[in-house]
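Nothing here was measured: the structure is a model prediction, and the numbers come from that model.
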Amino acid sequence: PGKESPDLRLALRTLRRRREIALTLMEENEEDPPRFQLSARLSEDAETVGARLRVALGVIMAEQRSWPDIYGAWRAWRDRAEALGLLVFQIPYVSLRQMRGISLLREVLPVVGVNSKDHPLARGFTLLHEIAHLMLRNGGDEKVSVDEHRKASDWDGVERFADSVAAATMMPRDTMLADANIIAHKGNIWSDDEVRLLAWRYRVSPVAFMTRLVTLKLISWAFYGTWRAAWEKQWENRPKLKQKGGPSRIDTILSRVGPTYAALVMDSLSRDFITPLVASDALDLKAHHFDQLKSALLYNTEPPPASEAF
């Protein structure tokens, strides 16, 4: 608290407001708001926690490897996460240097915000990282920011734990160690083409894949450090793609608020619990777009915006 940029403070206010709107609409609909049930302790093995989270999400490796594209992978993680009793929103206007993800630590209807400026494959990792924080909150090892008094050095351990849980969830140890493509690799050096290919096999970012290799002691920390520095420099200096046009307003809003929140608002509108003006304010969407939004929700269509590949 007190160190947030104006953009991040606005994002936090938006997340809190949407959560309050959702709780109010659930009450109007006589629905019990969902409770996030999973918990974890810092004393636990991150591999065990990641395996538990993966089971709760109901993701199997064959399905994970069948996700058709980077946006399909992101939406799959998001939709499975919301089924656990939380809301996931994307934040479009905060720099990645300040925030990749953030969460409202609540037992009833917690909220995760993910920076939409990040690559879609990286967003899935961030989402699972934030879910690990929610689990620690339920386990009693983490508190809301105003009640936390940890030193910065102590937070490093918490963040490493959350990263380890996210990695174990996306790339289970046994699966990685039994992967013929990984077993067949000789030596400690990995080319960028190899990393991209195997990262896509797990539908994760190259950085997440290499982080997993080093935590499993399949590559050295020295090579990892050299590789990551070179990769990030290459990514920062990549040629920017020229985008032709952009996503529609429907696609933009549905991407930001997610299908669970959008459907709740639209359902409340159809039942006359709220007015079109209130629905428009809740979604930041003009009323003449509502029919298109209903259609997108009905047919589960959420076309991806233009993006870059890793």
Side-chain angles (χ1 to χ4, degrees), residues 34-40 44-88 90 101 103 110 112 114 118-136 138 161-185 194-218 255 258-260 263 299-302 304 309-310:
R35 291 177 176 270
F36 180 72
Q37 304 281 0
L38 299 178
S39 66
E44 289 187 83
D45 177 39
E47 297 290 333
T48 302
V49 176
R52 189 161 70 240
L53 175 54
R54 187 177 179 87
V55 169
L57 291 165
V59 176
I60 60 173
M61 188 54 65
E63 175 195 11
Q64 184 172 334
R65 287 175 175 162
S66 73
W67 292 334
D69 53 45
I70 57 177
Y71 291 97
W74 156 245
R75 289 195 292 267
W77 288 118
R78 180 199 63 191
D79 294 350
R80 296 299 179 88
E82 290 199 326
L84 295 179
L86 59 137
L87 292 174
V88 180
Q90 293 199 78
S103 49
V112 171
V114 176
D118 215 347
H119 193 279
L121 292 179
R123 292 177 216 168
F125 188 92
T126 296
L127 172 58
L128 296 175
H129 172 104
E130 294 302 326
I131 290 176
H133 284 294
L134 298 180
M135 295 172 72
L136 289 173
N138 281 359
F161 180 85
D163 274 346
S164 297
V165 169
T169 305
M170 296 183 115
M171 296 164 278
R173 178 197 292 271
D174 291 347
T175 303
M176 291 283 285
L177 296 180
D179 191 318
N181 296 282
I182 295 175
I183 294 172
H185 181 83
E194 288 178 296
V195 173
R196 283 191 181 95
L197 181 64
L198 284 171
W200 175 242
R201 179 171 167 78
Y202 290 89
R203 304 305 191 259
V204 299
S205 71
V207 171
F209 179 77
M210 291 298 280
T211 301
R212 189 61 170 141
L213 287 187
V214 75
T215 59
L216 292 175
K217 300 181 180 180
L218 296 175
S255 175
T260 300
Y299 295 105
N300 193 28
T301 58
E302 191 180 334
F310 269 119

Gap between atom CD of Glu82 and atom OG1 of Thr260 - 0.5 Å precision
3.5 Å

Taking all non-hydrogen atoms of both residues into account, name the closest pair between Trp74 and Gly124 and its distance.
CE3-N, 3.7 Å

Report yes if some heavy atom in the side chain of Phe125 is under 4.5 Å from a heavy atom in the side chain of Val207; otherwise report no.
no

Ignoring hydrogens and geometry, is there a side-chain-to-backbone donor-acceptor pair from Arg212 to Met171 under 3.5 Å?
yes

Supply the atom-to-atom distance Trp77 CH2 to Leu128 CG, rounded to the nearest 0.5 angstrom.
5.5 Å

Indicate yes or no: at least one non-hydrogen side-chain atom of Val165 is less than 4.5 angstrom from one of His129.
no

Can you give me the closest heavy-atom contact between Ser103 and His133, atom names plus distance?
OG-CB, 4.2 Å

Would you say the side chain of Thr215 lies within less than 4.5 Å of the side chain of Asp163, judging by non-hydrogen atoms?
no

Within the 4.5 Å heavy-atom criterion, are Thr169 and Leu57 side-chain neighbours or not?
yes

On a heavy-atom basis, which atom in Ile131 and which in Ala81 lie closest, and how many Å separate them?
CD1-CB, 3.7 Å

Exercise: identify the closest heavy-atom pair between Gly85 and Pro34
CA-CB, 3.7 Å

Test side chain to side chain donor-acceptor pair (under 3.5 Å) applied to Gln64 and Arg54, Arg203, Arg201, the passing residue
Arg54

Using only atom types and a distance under 3.5 Å, with no angle test, would you say the side chain of Arg173 pairs donor to acceptor with the backbone of Glu47?
no

To the closest 0.5 Å, what do you measure between CG (Leu38) and CG (Leu134)?
9.5 Å

Main-chain N/O of Ala122 paired to Thr126 side chain as donor or acceptor, under 3.5 Å
yes

If I take atom OG from residue Ser205 and atom CE from residue Met210, how far apart are they, to the nearest 0.5 angstrom?
11.5 Å

Whether Asn181 side chain and Leu198 backbone form a donor-acceptor pair below 3.5 Å
no

Would a line drawn from the ring center of Trp67 to the ring center of Trp200 be shorter than 6.0 Å?
no

Sidechain-backbone polar pair: Asp118 side chain, Arg123 backbone, donor-acceptor under 3.5 Å
no

Heavy-atom pair with the smallest gap, counting every atom of Ala40 and Val49:
CB-CG1, 3.8 Å

Would you mind reporting whether Leu177 and Ile182 have side-chain heavy atoms less than 4.5 Å apart?
no

Tell me the closest heavy-atom pair linking Glu63 and Gly58, and the distance in Å.
OE1-O, 3.9 Å

Interatomic spacing from CZ in Phe209 to CG in Leu121 - rounded to 0.5 Å:
13.0 Å

If only atom types and distance count, is the side chain of Gln90 paired as donor or acceptor with the main-chain N or O of Ser255 below 3.5 Å?
yes

Pairwise side-chain contact, Pro120 with Arg75, heavy-atom cut-off 4.5 Å (strictly under):
no

Should Arg80 and Val59 be marked as a side-chain contact (heavy atoms from CB on, under 4.5 Å) after you check the CA-CA gap, both sets of side-chain angles, and the distance that decides it?
CA-CA 8 Å; Arg80 296 299 179 88; Val59 176; 3.7 Å; yes

Asp179/Arg65 salt bridge by N-O under 4.0 Å criterion
yes

Is there side-chain contact between Leu127 and Val88, with at least one heavy-atom pair below 4.5 Å?
yes

Kindly compute the distance separating CE (Met135) from CD (Glu130), expressed to the nearest 0.5 Å.
13.5 Å

